[in-house]
Amino acid sequence: MLVVSYIREHKEEVIERLSIKNFTKTELIDEILRLDDERRATQLENDETLATINSNARTIGEMYKQGKASEANTLKETNNVLKETVKTLSDRLESIKNEIQTKLVEIPNTPNLLVPRGTSAADNLNVHQEGDIHEMPKSALPHWELLTKYDLADFDLGNKVTGAGFPFYKGKGAKLQRALINFFLDEAAADGYNEVQPPLMVNEASAYATGQLPDKEAQMYAVPLDGFYLIPTAEVPLTNMFRDTIVKETDFPIKTAGYSSCFRREAGSYGKNVRGLNRLHQFDKVELVEIANPENSYERLEAMKSHVAGLLRKLELPFRVLRLCGGDMSFISAMTYDFEVWSAAQKLWLEVSSVSNFETFQSNRLKLRFKDKNGNMQLVHTLNGSALALPRIVAALLENHQTPEGIYIPKALQNYTGFDIIK
RNA sequence: GGAGACAUGGCUGAGCGGUCGAUAGCGGCGGUCUUGAAAACCGUUAAACCGAAAGGUUUCGGGGGUUCGAAUCCCUCUGUCUCCGCCA
């Protein structure tokens, strides 16, 4: 969520930047500022009353020592009255804070000024494209048919044992999963990311801090008996590692990579978009999270983008990079690059990675800060990106590397799979 | 799962109702001595928030309560340790 003091000091700029996301509820901002004035006044009054109570209490102690019991009793009465005042003020304060919070969470992150205006995917800016987009022979198959043809995954078995969206991977399909996970983790380590293996369930506080709660509750699987949620992405535990912490400026950049299974209910989605591996309830992913100095967080975003591009290049997949327009970006992002791989057989671009800078939008709620050179507390910038999610990469590999002889495994991956073709 | 103990500043560890935001040691920082370093000695050193500053508020695992006053008493939650049980 946005920082209230920033809104106060840069109101026009905030409104201008929000307009890129087609956000026009400016009255919300005025209300927040009005409530914040009230909050500060109430806080001051409350603090002053507490100061009086504290000093009175000390005086009462002195009086008892000196045997002035009756004077002490009078002062006690005074304090009892003041305590009522404090109760009223702090209740008021609490409710003002809640009101501010409620309104604040309705305001999306302010996009970077480089973010193109627009309302849909059609307005995204293509910033890079590489790789060979060749015509496939008529006989080319979509990945779901290839999965069956080479017996790499079994959806029916998943249906029987669990339900739709929980496939079994089999044989070389299962090995390919393992190979990709290791490949992605090794690449991340080589690029300076610290590897962690996170918990697959998180508590409510974590789900709130990264914004899955309250609005996206229906997208997560829950374990109500223990108050846990299955993670929809490793971003949640990887970012919450830093919740309520103060890092050193000299620690930047703090780069973390983690592999996890991800669980998504995907309530409400259906149709051809969910065919095969395009959308699953459980899938595997290597996620990158970076804690950055606000001074150079956009350079770090470029670095993360390069890392992901390097992966796709080594997998010999044709891809393009889009800078998302205001209307197509997520609520919490300040700038997002989407990576799309060309699916030759489906004849469409498949989103395989999303790399974003959240600036202080996440760190504000996380209370993740650092002390700058001048000794001032500042919120850090947080970035994250998928590097990469397996199912769509598998889909792209199968479709793009299919040959009459079988499915070719790119060189970079052969050491991990132990085979160079699936036939 | 059962029983018991504990939770204090960067760390170790005192305090168990009143100048306690907290004794002490270690560590950190500054200095004296030294060609330099070590040792020794002296000084200094918790954090966040509000404020231009003076100053104020909050914080002794979290939340609540008792009291004029709580690190200290009570309730509750969480976590850690020990013993028993179970277990990959």
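Values in this document were obtained by computation on a predicted structure and should not be read as measured data. No hydrogens, no waters, no symmetry mates; every other heavy atom, side chains included, goes into these values. Protein chains get the first letters and strands the later ones, always in sequence-line order, with residue 1 at the start of each.
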>> Regarding R39(A) and D36(A), does a basic nitrogen lie under 4.0 Å from an acidic carboxylate oxygen?
In response: yes
> With rounding to whole Å, what would you report as the distance between rG9(B) and rA48(B) at their P atoms?
Replying inline: 15 Å
> What residues form a salt bridge (Lys or Arg N to Asp or Glu O under 4.0 Å) with E62(A), not counting sequence neighbours?
Replying inline: none
> In whole angstrom, what separates N203(A)'s CG from rG79(B)'s P?
Replying inline: 10 Å
>> Applying side chain to side chain donor-acceptor pair (under 3.5 Å) as the test, list every pair that has at least one member in residues 409-423 of chain A; sequence neighbours left out.
In response: D186(A)-Y416(A)
> What pairs of residues pass the salt bridge (Lys or Arg N to Asp or Glu O under 4.0 Å) test when at least one of them lies in residues 297-317 of chain A, not counting sequence neighbours?
Replying inline: E130(A)-R313(A), E187(A)-K314(A), E290(A)-R300(A), E302(A)-K305(A)
Donor-acceptor contacts, no H, no angles, side chain residues 322-331 of chain A, under 3.5 Å, sequence neighbours left out:
residue, atom, partner, partner atom, Å
R323(A), NH2, Y337(A), OH, 3.1
D328(A), OD2, N124(A), ND2, 3.0
S330(A), OG, S333(A), N, 3.4

> What does nucleotides 48-55 of chain B look like as a protein-contact string, B for base, S for sugar-phosphate only, - for none, at under 4.0 angstrom between heavy atoms?
Replying inline: SS-S----
>> Quick check: on RNA chain B, is the nucleotide nearest Y64(A) upstream (toward 5') of the one nearest S55(A), or the reverse? Name the residue that is more 5'.
In response: Y64(A)
>> Give me the distance, rounded to whole Å, that separates rA47(B) from rG1(B) when you measure between the C1' atoms they each carry.
In response: 40 Å
> What is the distance, rounded to the nearest whole Å, between atom CZ of R58(A) and atom C1' of rU19(B)?
Replying inline: 7 Å
>> Please report the distance, rounded to the nearest Å, between CG in D244(A) and C1' in rG61(B).
In response: 13 Å
>> Work out how far the C1' atom of rG15(B) is from that of rA22(B), and round it to whole angstrom.
In response: 8 Å
> Using purine N1 to pyrimidine N3 plus N6-O4 or O6-N4 for Watson-Crick, or N1-O2 and O6-N3 for G-U wobble, each under 3.5 Å, what pairs with rC86(B)?
Replying inline: none
> Does E204(A) have any side chain to side chain contact (heavy atoms under 4.5 Å, CB included) partners at least two apart in sequence or in another chain, and if so, which?
Replying inline: Y208(A), L213(A), Y229(A)
>> Please report the distance separating the C1' of rG2(B) from the corresponding atom of rG85(B), rounded so that it comes out in whole Å.
In response: 8 Å
> Which whole-number value in Å describes the distance from L89(A) CG to rU58(B) P?
Replying inline: 13 Å
>> Below 4.0 angstrom, which residues in residues 66-88 of chain A have at least one non-hydrogen atom near RNA chain B?
In response: K76(A), N79(A), N80(A), K83(A)
> Does a side-chain N or O from N46(A) land closer than 4.0 Å to OP1 or OP2 of rU57(B), or not?
Replying inline: no
> If you measure from the Lys or Arg side-chain nitrogens to the Asp or Glu carboxylate oxygens, is any gap between K11(A) and D30(A) under 4.0 Å?
Replying inline: yes
> If only side-chain N and O atoms of N54(A) are considered, is one of them under 4.0 Å from the OP1 or OP2 phosphate oxygen of rU58(B)?
Replying inline: yes
>> Looking at rU78(B), which nucleotide sits across from it as a Watson-Crick or G-U wobble partner, both distances under 3.5 angstrom, or is there none?
In response: rA7(B)
> Now, which nucleotide makes the Watson-Crick or G-U wobble pair with rC41(B), with each of the two distances under 3.5 Å?
Replying inline: rG31(B)
>> I'd like to check V355(A) versus L301(A) (side-chain heavy atoms, cut-off strictly below 4.5 Å). Are they in contact?
In response: yes
Which pairs would a plain distance check flag for residues 168-178 of chain A, meaning a side-chain donor or acceptor within less than 3.5 Å of a matching protein atom at least two apart in sequence or in another chain?
residue, atom, partner, partner atom, Å
K170(A), NZ, D151(A), OD1, 3.3
K170(A), NZ, D154(A), OD2, 3.4

> Is there a Watson-Crick or G-U wobble partner for rC60(B) with both distances under 3.5 Å, and if so, which one is it?
Replying inline: none
>> Distance check, C1' atoms only: rA37(B) and rA52(B), in whole angstrom units.
In response: 45 Å
>> L141(A): which residues meet the side chain to side chain contact (heavy atoms under 4.5 Å, CB included) condition with it, sequence neighbours left out?
In response: E145(A), L146(A), K149(A), Q402(A)
>> Without decimals, in angstroms, what is the distance between I60(A) CD1 and rU19(B) P?
In response: 14 Å
>> Please verify the inter-ring angle class for Y221(A) with F166(A); under 30° counts as parallel, over 60° as perpendicular, anything in between as tilted.
In response: tilted
>> With nearest nucleotide decided by heavy atoms, which residue, L50(A) or E62(A), maps closer to the 5′ end of RNA chain B?
In response: E62(A)
> On a whole-Å scale, what distance lies between the C1' atoms belonging to rU8(B) and rG56(B)?
Replying inline: 25 Å
> rG10(B) and rC60(B): how far apart are their P atoms, nearest whole angstrom?
Replying inline: 13 Å
>> If I take atom CZ in residue R243(A) and atom C1' in nucleotide rG62(B), what distance separates them, rounded to the nearest angstrom?
In response: 13 Å
> Mind checking the C1' distance from rG21(B) to rG31(B)? Whole angstroms is fine.
Replying inline: 27 Å
> If pairing requires Watson-Crick or G-U wobble contacts with both distances under 3.5 Å, which nucleotide is the partner of rA71(B)?
Replying inline: none
